[in-house]
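Please read the structure below before turning to the comments.
In this chain, residues are counted from 1 in sequence order.
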Amino acid sequence: QVQLVESGGGLVQAGGSLRLSCAASGRTSSDYAMGWFRQAPGKEREFVAAISRSGSTTYYADSVKGRFTISRDNAKNTLYLQMNNLKLEDTAVYYCAAAARYTNTGVRNKYDYWGQGSQVTVSS
């Protein structure tokens, strides 16, 4: 089992940048493929980005491709999401998640563990 805690969210103007972090504890994070999802008010939780156990492969939703970068530091048991050129529609609660049996998937129910979420608000 792994516990996940996100940090780094906040308020930023459109066009700005933020970096989210997700600290993992419990089992070694390199045992899991990892992902980021987000949920805006009144909407379903949607896939943002995923990364393999080693960090060698990544996968992005079309809406964030070219603006967001997912990465991980297994020595620090930490997952990151660098978000650049933020848009109003990126406003959401962002969740990190860990998958024990799948990799680079955007399917929500393939992930076994979830963090509590971190609010990102983009203003005009």
Are Arg38 and Thr91 packed together at the side-chain level, in the sense that at least one heavy-atom pair is separated by less than 4.5 angstrom?
no
Quick one: are Leu20 and Val120 in side-chain contact, heavy atoms under 4.5 Å?
yes
Can a donor-acceptor pair be found, under 3.5 Å and without considering hydrogens, that links the side chain of Asn77 to the backbone of Ser25?
no
Residues Asn84 and Ser17: side-chain donor-acceptor under 3.5 angstrom
yes
Check whether any side-chain heavy atom of Thr105 lies under 4.5 Å from a side-chain heavy atom of Tyr59, and answer yes or no.
no
Tell me whether the NZ or CZ atom of Lys65 lies within the 45° cone about the ring axis of Tyr60 and under 6.0 Å from its centre.
no
Residues Phe37, Phe47; criterion ring-ring contact (aromatic ring centres under 6.0 Å, His included); working and verdict:
CA-CA 4 Å; Phe37 288 74; Phe47 170 72; 5.7 Å; yes
Electrostatic pair Glu44-Arg108, nearest N-O below 4.0 angstrom:
yes
Are any side-chain N or O atoms of Thr78 and backbone N or O atoms of Lys76, one a donor and one an acceptor, separated by less than 3.5 Å?
yes
Got a second to check how far Leu88's CG is from Ser124's OG, nearest 0.5 Å?
5.5 Å
Heavy-atom distance under 4.5 Å between the side chains of Asp90 and Phe68, does that happen here?
yes
Check whether Val12 and Tyr94 end up in the same hydrophobic cluster, where Ile, Leu, Val, Met, Phe, Trp and Tyr are linked by side-chain heavy atoms less than 4.5 Å apart.
yes
Output yes when a side-chain donor or acceptor of Tyr102 lies under 3.5 Å from a complementary backbone atom of Val107, and no otherwise.
no
Check whether Arg72 reaches the backbone of Ser52 with its side chain - one donor and one acceptor, N or O, closer than 3.5 Å.
yes
Look only at the side chain of Glu6 and the backbone of Cys96, and say whether a donor-acceptor pair between them is shorter than 3.5 Å.
yes
Beyond-backbone contact of Leu79 with Ile51, side-chain heavy atoms, under 4.5 angstrom
yes
Looking at side-chain heavy atoms only, is the closest gap between Arg53 and Met34 below 4.5 Å?
no
pair Tyr95-Arg45: side-chain heavy atoms closer than 4.5 Å
yes
